[in-house]
Amino acid sequence: MKLQKLQNIFKGDRIIWIIFFLLCVISVLEVYSSSSSLGYKSGNYWIAAIQHTTYLLLGIGVMVFVLNIPCRYFKLCTPILCIVSPLLLLWVLLFGAKTNDAARWISFFGIPLQPSEIAKGTLVLLTAHILSQLQTPEGAHPKAFKYIVLTSLGFMGLVFTENFSTAALMGATVFCMMIIGRVPWRQIGYLCSAVAILLVLAVSTIYFIGQDSSQIAANEAAEAKQLTESVEASDKQLTETIAPDKAKKASAGSGKRGGVLHRLDLWKQRIDNFMNSERVDPHKYDLDKNSQVGHANIAIASSQFIGKGPGNSEQRDFLPLAFSDFIYAIIFEELGWIGAAFVALLYISLLFRTGQIARRCTNTFPAFLAMGLALLIVIQALFNMMVAVGLAPVTGQPLPLISKGGTSSIINCIYIGVILSISRTAKKRDDVKLEMA
């Protein structure tokens, strides 16, 4: 009887559930370990883990609700989200609290909200809708490419000035969805050429307008410290709302340019730091200037093969945002190469399992939607892991379902819930086919 009740709650693909719970267990352990500095300063070592666990439990509750929603209703949500999401993005641009000189957060009836997280899912939903509506036996209709590009530019345009890495993540996800949706290769080639040209122009603009100064070069650690202090303030209230007065102080007096170009200096600094291949002796390395990258490298280099063991990280006390952007470096240090590879394997398994679910779908919309959401999670995870190991510039993207977070944790749980809902429908159709056979 109890087993039947559990089956009624945990519906959908069992492998997806197993992957999800493993990620959650790793998340709680590593957030507790990597948040030791927050616990020391607040006087409560459990507060970060309790807050994160609360968000995960809330996310699981929302996920169970979502997985019981039939897939056809997700399609009906498309026009509503296409109106709400851009409005929220405009709201955060105009009135959002600033952290690291970027407006990313708003408070909605006292609830902290990051509109870019909603925008990512909305764009995936809209792209799946377009691909399914314009799908032909030969592939996607040529008009699908035009509609997808125009809508993507609209969403990404509202995001990139404040959060370039999220805009890049959205673009990469949509690009993969177009390939899966069989958009003509000729159009894919045009898109790649246009992106390459825009990338060259963007980098040239950054280097032409971006400023070089010792103060800007030292801002990486200072900005990470400001964000950590904002998170500390939110931990005391068990909310992730960035304190408005603290955010204003962080952005005031910075001396940086305003408008859409106010992030160019930081982007130039991060590109310079990533492209600088000059070998520096350990005793000459400036940890104050490049604290995130430096301490992440130390954590990985000292991990050995099996790691130092859970809770035994040393760099968590020195690495800014160890519980968020650089939590993969702490996983490396504590669990070693084996643990880090296992975490990467979980994300890859999620993508491949979702691919199997998508192949069982008889309709194209749920298949494209499931693959789009899985790609969104996995590509973001790859971004985060590449930054932690030094294969990409610092982007500020959290590790999905593992990094400490509020909005991101709940939204990612919703994505998993949608995939589980689609897996239920696909499984029922497989059962019907077997009965008919």
Side-chain angles (χ1 to χ4, degrees), residues 7-8 10-20 62-82 120-141 143-145 147-148 151-152 170 172-184 188 346-379 400 411-437:
Q7 290 177 346
N8 290 335
F10 302 110
K11 300 176 183 177
D13 188 82
R14 294 180 181 178
I15 295 179
I16 297 293
W17 271 110
I18 292 172
I19 294 171
F20 172 76
V62 177
M63 183 176 70
V64 171
F65 173 77
V66 171
L67 70 86
N68 284 280
I69 299 175
C71 184
R72 62 180 179 274
Y73 291 110
F74 299 139
K75 202 170 189 177
L76 298 177
C77 294
T78 304
I80 300 174
L81 288 174
C82 286
K120 291 189 295 186
T122 302
L123 183 57
V124 169
L125 184 65
L126 184 58
T127 302
H129 183 81
I130 294 172
L131 288 172
S132 64
Q133 290 294 318
L134 297 177
Q135 198 68 207
T136 68
E138 291 77 26
H141 192 279
K143 289 184 178 180
F145 175 80
Y147 295 147
I148 292 173
T151 54
S152 299
M170 295 164 70
T173 303
V174 170
F175 179 78
C176 293
M177 289 183 69
M178 285 195 291
I179 294 177
I180 294 173
R182 300 188 300 167
V183 170
I188 295 291
L346 287 177
Y347 287 108
I348 295 173
S349 300
L350 174 65
L351 182 61
F352 275 93
R353 186 59 181 177
T354 304
Q356 293 177 341
I357 294 170
R359 281 196 294 269
R360 297 203 305 265
C361 295
T362 57
N363 296 327
T364 55
F365 172 73
F368 292 144
L369 178 58
M371 286 303 301
L373 294 176
L375 284 167
L376 185 62
I377 294 173
V378 174
I379 292 175
I411 294 295
N412 283 318
C413 286
I414 293 176
Y415 295 161
I416 297 294
V418 174
I419 295 173
L420 288 170
S421 174
I422 294 171
S423 72
R424 289 178 56 215
T425 307
K427 183 178 180 180
K428 288 180 181 178
R429 285 171 181 161
D430 279 355
D431 293 341
V432 171
K433 291 178 181 179
L434 289 173
E435 290 175 3
M436 292 179 64

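- Rounded to the nearest 0.5 angstrom, Leu350 CG and Ile377 CD1 are separated by 5.5 Å.
- Here the side chains of Met63 and Trp17 are in contact, with some heavy-atom distance below 4.5 Å.
- Leu123 has its side chain within reach of Ser152: a pair of non-hydrogen atoms, C-beta onward, lies under 4.5 Å apart.
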Run Val66 and Tyr415 through side-chain contact (heavy atoms from CB on, under 4.5 Å) and show every step you take.
CA-CA 9 Å; Val66 171; Tyr415 295 161; over 6 Å; no
For the pair Leu125 and Val418, evaluate side-chain contact (heavy atoms from CB on, under 4.5 Å) and give the outcome as yes or no after the intermediate values.
CA-CA 11 Å; Leu125 184 65; Val418 174; over 6 Å; no
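- Although no hydrogens or angles enter the test, the distance criterion places no donor-acceptor pair under 3.5 Å between the side chain of Arg182 and the main chain of Leu131.
- Contact check for Phe365 versus Cys71: side-chain heavy atoms found under the 4.5 Å cut-off.
- The structure places CG of Asn363 at 12.5 Å from CG of Leu369, a figure rounded to the nearest 0.5 Å.
- Listed here is the closest heavy atom pair of Leu376 and Gly121: CD2-N, 4.3 Å.
- Rounding to the nearest 0.5 Å places CD1 of Ile148 at 8.0 Å from CG of Leu134.
- Across all non-hydrogen atoms, the minimal contact from Asp13 to Arg353 is OD1-NH2, 2.7 Å.
- Contact record, Arg424 with Leu67: NH1-O, 2.7 Å, taken as the closest heavy-atom pair.
- With a 4.5 Å cut-off on side-chain heavy atoms, Pro366 and Phe74 do not count as touching.
- In the model, Arg359 has no side-chain atom that pairs as donor or acceptor with a side-chain atom of Gln356 under 3.5 Å.
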**Asked** When you look at Leu126 and Leu81, which way does the side-chain contact (heavy atoms from CB on, under 4.5 Å) test go after all the steps?
**Response** CA-CA 9 Å; Leu126 184 58; Leu81 288 174; over 6 Å; no
Tell me, with the steps shown, if Phe20 and Leu420 meet side-chain contact (heavy atoms from CB on, under 4.5 Å). CA-CA 11 Å; Phe20 172 76; Leu420 288 170; over 6 Å; no
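- When all heavy atoms of Ile379 and Cys176 are compared, the pair lying nearest together is CD1-SG, 4.1 Å.
- Closest approach of Met371 and Ala358 over heavy atoms only: CG-CB, 3.7 Å.
- Under the 4.5 Å side-chain criterion, counting only non-hydrogen atoms from C-beta, Cys361 is not in contact with Phe368.
- The side-chain hydrogen bond (donor to acceptor under 3.5 Å, both in side chains) check on Arg72 picks up nothing, with sequence neighbours excluded.
- Summarising the geometry of Thr364 relative to Ser132, their closest heavy-atom pair is OG1-CB, 3.2 Å, with the distance given to 0.1 Å.
- Checking side-chain atoms of Ser421 against main-chain N and O of Ile69 turns up a donor-acceptor pair under 3.5 Å.
- Using a 4.5 Å cut-off on side-chain heavy atoms (C-beta onward), Ile348 and Val378 make no contact.
- Counting heavy atoms from C-beta outward, Ile357 and Ser423 have side chains that approach closer than 4.5 Å.
- Residues meeting the side-chain hydrogen bond (donor to acceptor under 3.5 Å, both in side chains) test with Gln133, sequence neighbours left out: none.
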